[in-house]
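Reading through the structure tokens given below for one structure.
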Number of protein chains: 2
Amino acid sequence: MKPSVVTIEPNGHFCDDCAVRGAAVCSSLDAAELREFEHLGRRVHFDSGETVFSEEDITTSFYNVLEGVMRLYKLLSDGRRQIVGFALPGDFLGMNLSGRHNFSADAIGAVTVCQFAKAPFGRFIEDRPQLLRRINELAIRELSQARDHMVLLGRRSADEKVATFLLGWRERLVALKGLSDTVPLPMSRQDIADYLGLTIETVSRTFTKLERHGVIEIIHGGISLLDPARAEALAAA
Amino acid sequence: MKPSVVTIEPNGHFCDDCAVRGAAVCSSLDAAELREFEHLGRRVHFDSGETVFSEEDITTSFYNVLEGVMRLYKLLSDGRRQIVGFALPGDFLGMNLSGRHNFSADAIGAVTVCQFAKAPFGRFIEDRPQLLRRINELAIRELSQARDHMVLLGRRSADEKVATFLLGWRERLVALKGLSDTVPLPMSRQDIADYLGLTIETVSRTFTKLERHGVIEIIHGGISLLDPARAEALAAA
DNA sequence: ACTCAAATTTGATCTGAGTCAATTGGCTTT
DNA sequence: AAAGCCAATTGACTCAGATCAAATTTGAGT
């Protein structure tokens, strides 16, 4: 991994112009609390490909994604990789019971996170059940998504996997940036393959097949969803 | 075995002799709180094969498993099934954001649960951050397990899946009942297949292969783990 | 624009796990 | 103890997706 510089901005009142202010973990705080809270976090930038934290690392911080996309993954000893999710703005990372991260996370393209040191964050949460409740909600939401993904990995065909992925990814971007049939795919084919439990070749062939059938058009850095209805049908089985 | 449908015992002071008293969700409560808490729950029995709740059902209750084993699963419209987990005593079920269960749960063999109506439970939790923290811990633990299972489903071979399952299941039983190389498997081969993303035939063949190689012995209602070290090696890859 | 390396696509072939089809074994009922 | 039933095993064959092997496209650096 390239040892590029991590830029740390000075602490200060930056929640005001934070993209995920009303969402994410912060949505549970009122104006006064937010003022106190912002002193705990620091904005940190990561360049494309940089690792934010690695599996088995001692957890020293929690992270709130502000901008960009991250891949979250686990490796087997022989190098096989399973991507367990992609993190987008509003996602909160780093919670665990063991005191060590249970997956690795790195930046796909430039990423900005709001980083919280573990101890002060833990103290802040102590007497704020609202915040705890919000974190719990995020965990429960993730758990539900994880179970959906288990169904995909265990029981769906390659075609279904790819169609489901494209629709699900589009849905997340819609929630973030509004409706569009142009779906940017910042992650590589290898990332998609490792997310879907396929090989890169199968993903590529399936994209080509979907394009041949007029369901999508493969464009630079993403796809255009030409026939959402047909994609839904393929995904549903 | 109990003859019929669902037996509901009268409310009362039964936490005293509860098998999961110090564990589960209750471990976060002191003696006084536990006394209040026990009025919220009722013990309910389910016979083998009975469904405790179904996916898409409105969530009216939460459940704390006291005795027995449950299968937790999701179905695709064409009948394909993915088991997302097996619940054992101490597991807490029913948390979700949508107000509907996001998987189905049924009894494998006789099961006893401690059932809590949603509303009173929600009220009780309101001013008990301890309990909320405990529930959050359980969710985070489940999330970590779910991610491990994604790796298994997406990236492991049939042999690795089966070996990993046997070791993981044994581990859970050890935590519950103490060490033993005899591993009861109350679930059917079909359940195991649907948990591992395989077919019943592949699970059966893999069991036979492990037995031929002296790793396990297939016994009535389970297996005997003859060579744990070799099983670990197969699971690790 | 030119070079080189990496990512992606495409083609040919292989194989692990699925499918289809009997058989076997264990229980329960009569 | 025979019959019936369901779960599990075993065997023969198939196939979806993996693997191996080139092209081809893209992109960063000069």
Side-chain angles (χ1 to χ4, degrees), chain A residues 1-2 4 47-49 71 76 78-83 108-110 152-166 184-213 216-223 234 237, chain B residues 1 3 48-49 71 76 78-82 108-109 152-166 184-213 216-223 234 237:
Chain A
M1 194 63 45
K2 84 169 148 167
S4 127
D47 286 341
S48 189
R71 72 173 81 84
L76 294 178
D78 63 0
R80 280 175 290 176
R81 184 176 71 159
Q82 176 65 46
I83 291 186
I108 297 175
L152 177 142
L153 290 171
R155 288 295 179 227
R156 309 197 87 122
S157 70
D159 289 1
E160 292 169 352
K161 284 176 174 182
V162 171
T164 303
F165 165 68
L166 291 176
L185 296 174
M187 69 292 286
S188 69
R189 294 289 189 268
Q190 187 64 66
D191 288 339
I192 297 173
D194 287 347
Y195 181 58
L196 300 178
L198 298 171
T199 60
I200 190 175
E201 293 95 333
T202 298
V203 170
S204 182
R205 276 187 253 271
T206 306
F207 270 52
T208 307
K209 183 159 75 170
L210 289 174
E211 186 170 50
R212 254 201 331 267
H213 290 39
I216 64 172
E217 188 190 0
I218 299 169
I219 58 178
H220 179 75
I223 60 113
L234 282 171
Chain B
M1 182 183 291
S48 189
R71 72 174 82 86
L76 295 178
D78 62 359
R80 281 175 289 177
R81 184 178 69 158
Q82 177 66 44
I108 296 175
L152 178 143
L153 290 171
R155 287 298 178 223
R156 310 197 85 124
S157 69
D159 288 1
E160 292 169 351
K161 284 176 174 182
V162 171
T164 303
F165 165 68
L166 290 176
L185 296 173
M187 70 290 285
S188 69
R189 293 289 188 269
Q190 186 64 65
D191 288 339
I192 297 173
D194 287 347
Y195 181 58
L196 300 178
L198 298 171
T199 60
I200 190 175
E201 293 94 333
T202 298
V203 170
S204 183
R205 278 188 252 270
T206 306
F207 270 52
T208 306
K209 183 158 74 169
L210 289 174
E211 185 169 48
R212 255 201 330 269
H213 291 38
I216 64 171
E217 188 190 358
I218 300 169
I219 58 178
H220 179 75
I223 59 114
L234 282 170

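Owing to the predicted nature of the structure, the values given are computational and were not obtained by experimental measurement. The sequence lines fix the lettering, A, B, ..., with proteins before strands; numbering per chain opens at 1.
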Exercise for the section: Indicate yes or no for a side-chain donor-acceptor contact from Thr206(A) to the backbone of Thr202(A) under 3.5 Å, with no hydrogens or angles considered. Expected result: yes
Exercise for the section: Report yes or no: does Ser204(B) contribute a side-chain atom to a donor-acceptor pair with the main-chain N or O of Ile200(B) at less than 3.5 Å? Expected result: no
Completion exercise
Minimal heavy-atom distance between Arg155(A) and Asp194(B), with the atoms involved, is NH2-OD1, 2.8 Å
Practice task
Determine, step by step, whether Leu185(A) and Phe207(A) satisfy the side-chain contact (heavy atoms from CB on, under 4.5 Å) criterion, reporting the C-alpha distance in whole Å, the side-chain angles of both residues, the deciding distance to 0.1 Å, and the verdict.
Solution key: CA-CA 12 Å; Leu185(A) 296 174; Phe207(A) 270 52; 3.7 Å; yes
Problem - Global bending angle along the helix from dA1(C)-dT30(D) to dT30(C)-dA1(D), which compares the axes of five pairs at either end, to 10 degrees - result: 50°
Handout entry: Arg205(B): partners by salt bridge (Lys or Arg N to Asp or Glu O under 4.0 Å), with sequence neighbours left out
Key = none
Practice task
Search all heavy atoms of Leu196(A) against all heavy atoms of Lys161(A) and return the closest pair with its distance.
Solution key: O-NZ, 2.9 Å
For nucleotides 4-8 of chain D, list the nitrogen or oxygen atoms of the protein found under 3.5 Å from its nitrogen or oxygen atoms, one pair per line.
from, atom 1, to, atom 2, distance (Å)
dA8(D), OP2, Arg189(B), N, 3.2

Exercise for the section: Taking all heavy atoms of Ala158(A) and all of Leu198(A), pick out the closest pair and write down the distance. Expected result: CB-CD2, 4.0 Å
Exercise for the section: Return the set of residues passing side chain to side chain contact (heavy atoms under 4.5 Å, CB included) with Thr164(B) (not counting sequence neighbours), or none when no residue passes. Expected result: Leu152(B), Arg156(B), Ala235(B)
Completion exercise
Quick tally for nucleotides 12-30 of chain D: nucleotides whose base has a protein heavy atom under 4.0 Å get B, sugar-phosphate-only ones S, the rest -, giving B----SSBB------S---
Problem - For atom NZ of Lys209(B) and atom C1' of dT10(D), their distance in whole Å - result: 15 Å
Practice task
Please list, chain by chain and in numerical order, all residues satisfying side chain to side chain contact (heavy atoms under 4.5 Å, CB included) with Glu211(A), sequence neighbours excluded.
Solution key: Ile216(A), Glu217(A), Ile218(A)
Completion exercise
Interatomic distance, CG@Leu210(B) vs CG@Leu234(B), rounded to 0.5 Å, equals 6.5 Å
